[in-house]
**Student:** 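Next up is a structure, given as structure tokens.
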Amino acid sequence: MTIVEVEGRILRLTNLDKPMWPELNLTKGELLHYFAQMASVVLPHWQDRPMTVVRYPHGVEGPFFYQKNCPSGSPEWIHTFSTGGTNYVLVNDESTLIWMVNQGVIEFHPAEFSAGRPERASYAVIDLDPTHPFGFEAAVEVALQCREILLELGLRGYPKTSGATGVHIYIPLEPQYTFDVTLALAKAVGVMLAKAAPGLVTLERLVKRRQGVYVDYLQNASSRTLVGVYSPRPTPSASVSTPVTWEELTRVHPDEFTVRTLPQRVNAVGDLFAPVLTDRQSLDHLASLLGRS
DNA sequence: GTATGTA
DNA sequence: TACATACAACGCTGC
DNA sequence: GCAGCG
Ligand SMILES: [Mn+2]
Ligand SMILES: [Mn+2]
């Protein structure tokens, strides 16, 4: 056991040599180091967002479980937010982040709203999920189409890899729109994509009938979460959900962005998702499109 | 990974 | 003391 | 009504 001090708080870190990705010999200690390096970039994106996490106490090859409620026995300085009978952790500082990673958390899924305004979405999201044998390249093709459609609608979107084979496009918004509005927007974009690229894009909800890149517009709901930006994934490569520019989207592969490579990249290119925090857009000019659906 | 319940 | 168990569910959709 | 979905 190792005692560290983070932001003046004493943390007991356990099993630092435990392999979280045994195949890569990537330990919990190294994962903690990743988050220590990334904290200043990650925390603004997760601030005040009720957090769902996925824990792998024995590494990615072992069993996992989702966690929404702040567990009993957590430090008293952990901030929480209660809604609908669930007491969520707010990952608002580095000490909370480090404490959670020591608990075996690998995936962080922040809510799409802020605790301060739980009825209003911070962004709409276009979640592109390719089915087998379609892959990341197909998702990218749809993402680029999506960029054009959004621009025609007068909107700017910001892409990131999901860390698996998909792409997430965030459309940051003025915090005044409810989730029925963001759902209507994503659905309208999905319909336009399906029209522009039939055979490649699908809105089929039944997995066994689905073929192509699924536009998962139903992710736009207050009860839904998406893997957060800069969150690791329990993949063989220890990939990370990573913001990319539209220009590089066509020449990257999600497995090149990992727990081991991301700190260097962020030092080089900065936080490409920073605009998601500042470029808050209006949907008022789309009232007729989003009116009723 | 840790708290809690039960034998 | 030892061992088992919990740790998320919500709301919509298509049949 | 209920299974399927993420
Ligand atoms: Mn996805
Ligand atoms: Mn999805």
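Keep in mind that this is a model prediction, so the values were computed, not measured. Order of the sequence lines sets the chain letters (A, B, ...), proteins ahead of strands, with each chain counted from 1.
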**Student:** Would F35(A) and F108(A) count as a close aromatic pair, with their ring centres under 6.0 Å?
**Tutor:** yes
**Student:** Looking at N102(A), does any N or O in its side chain come under 4.0 Å of the phosphate oxygens OP1/OP2 on dG1(B)?
**Tutor:** no
**Student:** In whole Å, what is the span from the NZ atom of K68(A) to the P atom of dG6(D)?
**Tutor:** 16 Å
**Student:** On a whole-Å scale, what distance lies between the P atoms belonging to dG6(D) and dC7(C)?
**Tutor:** 23 Å
**Student:** Just the rounded figure in Å: distance from P of dG1(B) to CZ of F64(A).
**Tutor:**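 About 17 Å, once rounded to whole Å.
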**Student:** Separation of D180(A) atom CG from dC12(C) atom C1', in whole Å?
**Tutor:** 13 Å
**Student:** Between P on dT2(B) and CG on N69(A), what's the gap in Å once rounded to a whole number?
**Tutor:**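 Rounded to the whole Å, the gap is 18 Å.
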**Student:** Mind checking T86(A) for me? I need base, sugar-phosphate or nothing, with any heavy atom below 4.0 Å counting as a touch.
**Tutor:**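 It contacts sugar-phosphate atoms only.
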**Student:** Would you mind checking if E30(A) and R260(A) are paired as a salt bridge, meaning a charged N to carboxylate O distance below 4.0 Å?
**Tutor:**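 Judged by the 4.0 Å cut-off on N to carboxylate O distance, R260(A) and E30(A) do form a salt bridge.
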**Student:** Just to verify, which of Y158(A), Y123(A), W46(A), Y170(A) counts as forming a ring pair (Phe, Tyr, Trp, His ring centres under 6.0 Å) with F273(A)?
**Tutor:**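 The option that passes is Y170(A).
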**Student:** Taking R265(A) first and then E248(A), would you say they form a salt bridge - that is, a charged N and a carboxylate O separated by under 4.0 Å?
**Tutor:**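 Yes, this pair counts.
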**Student:** Sticking with atom P, work out how far dC5(D) lies from dA8(C), rounded to a whole angstrom.
**Tutor:**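 Straight-line distance between the two P atoms is 23 Å.
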**Student:** Of the options dG1(B), dA8(C), dC5(D), whose atoms approach the side-chain atoms of F65(A) most closely?
**Tutor:**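 Nucleotide nearest to F65(A)'s side chain: dG1(B).
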**Student:** Choosing from dG1(B), dT4(B), dG4(D), which nucleotide comes nearest the side chain of L206(A)?
**Tutor:**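 Per side-chain heavy atoms of L206(A), the pick is dG4(D).
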**Student:** Under 4.0 Å: is that the gap between some side-chain N or O of R209(A) and OP1 or OP2 of dC5(D)?
**Tutor:**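 So the side-chain polar atoms of R209(A) never come under 4.0 Å of the phosphate oxygens OP1 or OP2 of dC5(D).
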**Student:** Looking only at side-chain N and O atoms, does T225(A) come under 4.0 Å of OP1 or OP2 in dG6(D)?
**Tutor:** no
**Student:** So, does the side chain of R205(A) form a donor-acceptor pair with the base of dG14(C) at under 3.5 Å?
**Tutor:**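 Answer is no: no donor-acceptor pair is held.
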**Student:** Give the rounded distance in Å between these two atoms: CD of Q67(A) and C1' of dA9(C).
**Tutor:** 14 Å
**Student:** If you compare every side-chain N and O of T14(A) against the phosphate oxygens of dT2(B) (OP1, OP2), does one of them come in below 4.0 Å?
**Tutor:** yes
**Student:** Does K28(A) put a side-chain nitrogen or oxygen below 4.0 Å from OP1 or OP2 of dG1(B)?
**Tutor:** yes
**Student:** Can you check the R210(A) CZ to dT13(C) C1' distance for me, whole Å?
**Tutor:**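 From R210(A) CZ to dT13(C) C1': 12 Å.
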**Student:** So, E107(A) and R233(A), do they make that salt bridge, N to O below 4.0 Å?
**Tutor:**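 Salt bridge between E107(A) and R233(A), a charged N being under 4.0 Å from a carboxylate O: yes.
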**Student:** So does S223(A) get a side-chain nitrogen or oxygen closer than 4.0 Å to the phosphate oxygens (OP1/OP2) of dA9(C)?
**Tutor:**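 It does not, given that no N or O in the side chain of S223(A) lies less than 4.0 Å from OP1 or OP2 of dA9(C).
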**Student:** Any strand is fair game: report the nucleotide pairing with dA8(C) by Watson-Crick or G-U wobble, both distances under 3.5 Å, or none.
**Tutor:**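 Base-paired to nothing in any strand shown.
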**Student:** OP1 or OP2 of dG1(B) less than 4.0 angstrom from a side-chain nitrogen or oxygen of K18(A), does that happen here?
**Tutor:** yes
**Student:** Nearest whole angstrom, please: distance from the P of dG6(D) to the OH of Y217(A).
**Tutor:** 13 Å
**Student:** I need the CG-C1' distance between L31(A) and dG1(B), as an integer number of Å.
**Tutor:** 14 Å
**Student:** Are the charged groups of R9(A) and D93(A) less than 4.0 angstrom apart, N to O?
**Tutor:** yes
